[in-house]
Amino acid sequence: MVLEHMSTDLYDKISNLGKRRGIIFPAFEIYGGVSGFFDYGPVGALLKRNIEDRWRDFFVNKEGMVELESSLIMPSQVFEASGHLSHFTDIMTKCTKCNRAYRTDNLLNELGIECREGMKIDELDKLVEENSIRCPECGGALTKSEPFNLMFQVKIGSYGGSIIGYGRPEVAQGQFVNFKRIYSAERERLPLGIAQIGRCVRNEIAPRKGPIRLREFTIIDYEIFMDPENTSYSRIKLVEDQKLRILPISEQVSKTNKILEVTIKEALEEGIVKNQVLCYFMALAVKFLDNLGIPSEKQRLREQLPEERAHYSSETFDQEVWLERWGWTEVSGHAYRSDYDLRNHMAHSGVDLRVYKAFDQPKKVIKAIVKPRIDVLETEFSREDAQKIISLISKGDQNIIERELKTKGFYELTGLPPIRLELKHVEIIMEEVIESGRSFIPHVVEPSFGIDRIFYSTLEYAFAEKGNRMTLKLPKEIAPISAGIFPLVSRDGLPEEAKKLYELLQDEGFKVRYDESDSIGRRYARADEIGVPLCITIDYQTLQDKTVTLRDINTWKQIRNKSTELPQLLREYFKNRLQFDELGKPVEQRKNQSHN
RNA sequence: GCGACCGUGGUCUAGUCUGGUCUAGGACAAAGGCCUUCCAAGCCUUUAACCCGUGUUCAAAUCCCGGCGGUCGCACCA
């Protein structure tokens, strides 16, 4: 989608506002800036924190789940196990003539030369040479390939013997490496959701699109560990009828791109979404953004095409939001990660990360015991090989060996070379044992949110203009400042009275701002720009009866009530138990008399 | 990383083609004061910019080169 911006668009307006009011702006501006880095100013930091707290409330507190805060820098072993070291490293080649850079494997694939995943640099270069491949753009010769890693590498420790670490490109690995500890601290329950809000770094080649694609950003990764044999989520009953807007693979392949509007119940029944847990949290994600003021009709859940999905994931959806300049933009991803991560950490660390779950009742299980017949083996194989075979049998899954021998008549032992084990080589004894439970690696459903993108989307949907005035119509729950406290004029004791109320509300835990400079209208306008939902004005009547006026950011309506009532009333108002109109008696709109 | 276009106070811009009249003009914003009984009123004062670095020239915001940054397109975004 190509959008022409002859005039300033929403992004321009928001980046101006962001700079002027200390919301969000490019980092290191005094040194010319570095692309891919943005800083949050005083107002932005508050808003971002409120959005994160909102997320906590939705996904952690209300779901009875837990939170983790793990290290940003992790040793290389973590990323060897997670696959990031191989997958986040692109092997690139450059044209010596026009300087264009290519991923060597992509270049080969495009030219119909097959190369398998994880090929070494030498092997790729050899293919380039053998097929005498040159720059597809200008025909120039290509350089030797070099690895380009999207992860920031750091040396841990300063003297010799330091170890290599990386800045995490996602926070999720923290949950996996700490799984065992948290699982036991949380009394060994499944499903167990472990959330983490944290900074991540990726050394992107060419970050663009303002705060949409950053080199340092905040991610919320939420790992929901569950028993693969029980992937139901009881709370789904509560939201069955919620509508989801889904763009399935089929609609993308056929290029019709029609968004299906289905209830959660239908989505699951019709297999549009296969995993119940995944579906539940996607629905919650839609609700969450809706709660931030991003209407659900401006969102969609796009199913990732098989080629864009991670190889271990059987289904992945992106939650996308419509942004004026960039169209549909991913703000969260929802992936079924199977047991991939824990399995790999288990293999690399050697630590058993399986969980044990007792059966309701101990079960009688028929177990096969495969006993090698040493006499037969030794006549057919050398003594050494026979020993190897015996060892391999004992390490293998006896039930599987038994089943294969009985159905196929042989079982292939994975030695080098593979050895064909036949029924005559063993004696099979079926034994009845009592098992009280089973061990397994939990499977994981991962909703993952890009907070900076959600932050920007929230601003875009809150932004409103009235004449030459701008207003951030943020939901009051996430407003950076809850109320502005203004004396109508800066004399006659009104400032003193206003400051009393300011301190009272501060003491009561509200985020409030006091302002007495310029006309009252100008102060309202300033407050509107940073999304202050309520402006409280102290006027001459306050001096007589202690009542103040409250003005609503959206309607400009005013009501009047006693200032001593405010802490209680505001608390209810910000919890959404009271509407603005219920905060006091309406005030007639006044005309400005002084300016006539 | 490649290509095109672009970079002037806090924000938006005029000026760049055709070097000097620009120690840079305007609008809005901001700070201080006066005034002020409800939606950016008015008056006074103040702050404040040519992205960075070379070069060409008597003279550079303006022209050349390099860097950094931005937008768009391509590529990248397991």
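Each chain gets a letter, A, B and so on, in the order the sequences are listed, and its residues count up from 1.
Counting any heavy atom pair closer than 4.0 Å across all strands shown, A:Arg208 reaches a base atom. Residue A:Ser35 is in sugar-phosphate contact alone, with no base atom involved, counting any heavy-atom pair closer than 4.0 Å across all strands shown. Looking at heavy-atom distances under 4.0 Å, A:Gly210 makes contact with sugar-phosphate atoms alone, never a base. Contacts of A:Arg526 with the nucleic acid, taken as non-hydrogen atoms under 4.0 Å apart, involve only primed sugar atoms and P, OP1 or OP2. Counting any heavy atom pair closer than 4.0 Å across all strands shown, A:Glu330 reaches no nucleic acid atom.
The base-pairing partner of B:A4, taking Watson-Crick or G-U wobble contacts with both distances under 3.5 Å, is B:U71. B:C63: Watson-Crick or G-U partner is B:G55, with both key distances under 3.5 Å. For B:U16, there is no paired base (Watson-Crick or G-U wobble, both distances below 3.5 Å). Pairing of B:A29, defined by two Watson-Crick or G-U wobble distances under 3.5 Å, is not identified with any nucleotide. Across all strands shown, B:U21 remains unpaired; no Watson-Crick or G-U wobble contact has both distances below 3.5 Å. If you check B:U36 for Watson-Crick or wobble pairing at under 3.5 angstrom, you find it has no partner at all. Pair check for B:A78 finds none; no Watson-Crick or G-U wobble contact set falls under 3.5 Å.
What separates CZ of A:Arg337 from C1' of B:A78 is a distance of 10 Å, to the nearest Å. The nearest whole Å value for the distance from the CZ atom in A:Arg21 to the C1' atom in B:C28 is 11 Å. In this structure, A:Phe25 atom CZ and B:C51 atom C1' are separated by 18 Å, rounded to whole Å. B:C77 atom P lies 14 Å from atom CZ of A:Arg453, rounded to whole Å. In this structure, A:Arg20 atom CZ and B:G9 atom C1' are separated by 15 Å, rounded to whole Å. Rounded to a whole Å, the CG atom of A:Leu150 is 14 Å from the P atom of B:G1. Note: CG (A:Asp539) to P (B:U36) measures 17 Å, nearest angstrom. Atom P of nucleotide B:C77 and atom CD1 of A:Ile219 are separated by 16 Å, given to the nearest angstrom.
Taking the P atoms as reference points, B:A75 lies 43 Å from B:U56, given to the whole Å. B:A61 and B:C51 have their P atoms separated by 10 Å, given to the nearest Å. Rounded to a whole angstrom, the distance from the P atom of B:C52 to that of B:G10 is 12 Å. One P atom belongs to B:G33, the other to B:G25, and the distance between them is 27 Å to the nearest Å. Rounded to a whole angstrom, the distance from the C1' atom of B:C76 to that of B:G20 is 48 Å. Spacing of C1' atoms, B:G3 relative to B:A40, comes out at 44 Å, to the nearest Å. Taking the C1' atom of each, B:A14 and B:A24 are spaced 10 Å apart, rounded to whole Å. Separating the C1' atom of B:G1 from that of B:C63 is a span of 29 Å, rounded to the nearest Å.
Of the candidates B:C76, B:U36, B:A78, B:U36 carries the atom nearest the A:Val489 side chain, counting heavy atoms from C-beta on. For A:Thr537, whose side chain is taken as the heavy atoms from C-beta onward, the closest listed nucleotide among B:U71, B:C38, B:A31 is B:C38.
Residue side chain A:Thr549 reaches the base of B:C38 through a donor-acceptor N/O pair under 3.5 Å, judged by distance alone. You won't find any donor-acceptor pair under 3.5 Å spanning the side chain of A:Glu204 and the base of B:C76, going by distance alone. Donor-acceptor pairing under 3.5 Å, judged by distance alone, is absent between the side chain of A:Glu529 and the base of B:A29. Between the side chain of A:Arg551 and the base of B:C38, no donor-acceptor pair of N or O atoms lies under 3.5 Å. In this model, no side-chain donor or acceptor of A:Asp528 finds a partner on the base of B:C39 within 3.5 Å.
Close to B:C72, at under 4.0 Å from its OP1 or OP2, lies a side-chain N or O of A:Trp326. Listed pair A:Arg469 / B:C28 fails the phosphate criterion, with no side-chain N or O lying under 4.0 Å from OP1 or OP2. One finds a side-chain N or O of A:Ser519 lying less than 4.0 angstrom from the OP1 or OP2 phosphate oxygen of B:A41. Note on A:Arg522: a side-chain N or O is less than 4.0 Å away from OP1 or OP2 of B:A30.
In this structure, A:Glu529 contributes its side chain and A:Arg526 its backbone to no donor-acceptor pair below 3.5 Å. Put simply, the side chain of A:Arg208 never gets that close to the backbone of A:Arg213: no donor and acceptor are under 3.5 Å apart. In this structure a side-chain-to-backbone donor-acceptor pair under 3.5 Å is missing from A:Asp528 to A:Thr471.
Checking A:Ser82 against A:Asn16, the closest nucleotide of RNA chain B that is more toward the 5' end is the one next to A:Asn16. Comparing A:Lys19 and A:Tyr31 along RNA chain B, the residue whose closest nucleotide (by nearest heavy atom) sits nearer the 5' end is A:Lys19.
The residue from A:Arg453, A:Arg300, A:Lys298 that alone fulfils the salt bridge (Lys or Arg N to Asp or Glu O under 4.0 Å) condition with A:Glu320 is A:Arg300.
Between A:Phe449 and A:His334, the ring center distance clears the sub-6.0 Å criterion. Here A:Phe37 and A:Phe28 bring their ring centres to under 6.0 angstrom of each other. Aromatic ring centres of A:His345 and A:Phe179 lie farther apart than the 6.0 Å criterion allows. Separation of the A:Tyr524 and A:Trp556 ring centroids does not fall under the 6.0 Å cut-off.
Ring stacking is absent between A:Tyr524 and B:C38, as the pair misses the limits of under 5.5 Å between centres and under 30 degrees between planes.
Across all their heavy atoms, A:Arg215 and A:Ile205 have their closest contact at NH2-O, 3.5 Å.
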